[in-house]
There are 2 protein chains.
Amino acid sequence: MKLSVRGEYALRALLVLGLNYGDHVVRIQTISDDQKIPKRFLEQILNDLKSAGIVESKRGLAGGYRLARHPRDITLAAVVRHIEGALAPVSCVSERYYEKCSCPDETRCPIRNVMKEVREAVVKIVERVTVAELCERAQRLKEEPLSALDYII
Amino acid sequence: MKLSVRGEYALRALLVLGLNYGDHVVRIQTISDDQKIPKRFLEQILNDLKSAGIVESKRGLAGGYRLARHPRDITLAAVVRHIEGALAPVSCVSERYYEKCSCPDETRCPIRNVMKEVREAVVKIVERVTVAELCERAQRLKEEPLSALDYII
DNA sequence: TAGAATCTCTACTGTTTCACTCAAGTTTAT
DNA sequence: ATAAACTTGAGTGAAACAGTAGAGATTCTA
Ligand code: FES
Ligand code: FES
């Protein structure tokens, strides 16, 4: 998995929406200002997340975006898969974006074998972490920014 | 970590060199034929690996490439880092290719926090797996291709 | 010592992706 | 009515990707 700027923006926008989860809606402008994301670009991204059913929008004056589901039900895996595509380091080990690579024999490829492990390790993390957990971590980091290193493992 | 075709080719070439580890040298043409890699492209890649001290070459007739170190001393991490750059999913959590991202406050960023875990998980694997292990896996897969799934973990 | 096979080095090229930007349109609160 | 918001689709400049090409240097062998 490699996150493009687009993917990073998507996660940051969802973090803002997660922190403001409730009835009301958040304007693009607010997210853009808060996270320093180019507004027109962010429009695209949120629209994209909408088509994935991750966020929903309200139009017109006093319009904006909100999460379409509870933060606890939105995994990073779902978001990244929609924005970036495969989580796997090579396409031949991807479950949902499988493409065979140029290896002569895929079934006996030791590289594929290792990459499968890498994929599993990544998936295990991003499928467990939700927007809700992102919010909790934001809270914890806000209170004790110096202990940041404790959360690595 | 996302492997480009270039990176995949590099690993496959090293696998061949690992399987043929010894005194003699292997021609580009041989690797190219064996692994179905465009020859001129492979030249570039092997040259690149040479500048990293991963392989060494012999010129002239009966020239070719060999591993510069014992297969057991060449980790996938070293190879991928040289060919692709950072292993981390975002630059702000990379140890050797660090670049700060556009987040307002890096020290309190929960996304960074999660991505650190992802990075650790990936590094843990690719820093442990060597070319030698790749060769052993190739051997095992050759003998029992049907048990491939057992190695996923 | 000529020649062929091999690596070396630099440069080029066409395609795709990335990160935006723009314009024009639709919806809705006031 | 109007302005502030989302919607849609297109456009753009730069960079990365996956090669390709050519001229040169080295070394074995005949
Ligand atoms: S089969 Fe995909 S890397 Fe070998
Ligand atoms: S600091 Fe890099 S993702 Fe937030």
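Proteins come first, then strands; the chains are lettered A, B, ... in the order of their sequence lines, and each starts at number 1.
- Looking only at side-chain heavy atoms (C-beta outward), B:Ser102 and A:Tyr9 come within less than 4.5 Å of each other.
- Within 6.0 Å of atom CZ in B:Arg128, more than 12 heavy atoms from other residues, nucleotides or ligands are found, so the atom counts as buried in its surroundings.
- A search for ring-ring contact (aromatic ring centres under 6.0 Å, His included) contacts involving A:Tyr65 returns nothing, not counting sequence neighbours.
- The side chain of B:Ser4 contributes an N or O atom lying less than 4.0 Å from OP1 or OP2 of D:dA18.
- B:Arg69 contributes no side-chain N or O that, together with a main-chain N or O of B:Ile74, makes up a donor-acceptor pair within less than 3.5 Å.
- For the side-chain contact (heavy atoms from CB on, under 4.5 Å) test, no residue two or more places apart in sequence or in another chain qualifies with A:Lys124.
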For residues 20-32 of chain A, please give each side-chain donor-acceptor pair under 3.5 Å, one per line with the distance, not counting sequence neighbours.
residue	atom	partner	partner atom	Å
A:Gln29	OE1	A:Lys39	NZ	3.4
A:Gln29	NE2	A:Asp33	OD1	3.0
A:Ser32	OG	A:Ile37	O	2.7

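- If you take CD of B:Glu56 and P of D:dT27, they are 14 Å apart, rounded to a whole angstrom.
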**Message:** salt bridge (Lys or Arg N to Asp or Glu O under 4.0 Å), that's the test. Do A:Glu95 and A:Arg81 meet it? Break it down for me.
**Reply:** CA-CA 11 Å; A:Glu95 295 266 321; A:Arg81 281 206 181 99; over 6 Å; no
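- No side-chain donor-acceptor contact under 3.5 Å links A:Glu8 to the backbone of A:Leu3.
- Clustering ILVMFWY residues whenever any of their side-chain heavy atoms sit less than 4.5 angstrom apart, transitively, puts A:Ile125 in the very cluster that holds B:Ile111.
- Listed in residue order, the members of residues 79-106 of chain A having a heavy atom less than 4.0 Å from DNA chain D come to none.
- Nucleotides of DNA chain C with any atom under 4.0 Å from a heavy atom of chain A span, from 5' to 3', C:dA19 to C:dA29.
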**Request:** Produce a footprint string for nucleotides 5-15 of chain D: one letter per nucleotide, 5' end first; B if the base is under 4.0 Å from any protein heavy atom, S if only the sugar-phosphate is, - if neither.
**Result:** SSBB-B-----
**Request:** Evaluate the salt bridge (Lys or Arg N to Asp or Glu O under 4.0 Å) criterion for residues A:Lys50 and A:Glu56: first the C-alpha distance (whole Å), next the side-chain angles of each, then the deciding distance (0.1 Å), finally the verdict.
**Result:** CA-CA 6 Å; A:Lys50 187 187 172 187; A:Glu56 55 192 21; over 6 Å; no
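- Note: OH (B:Tyr9) to P (D:dC17) measures 14 Å, nearest angstrom.
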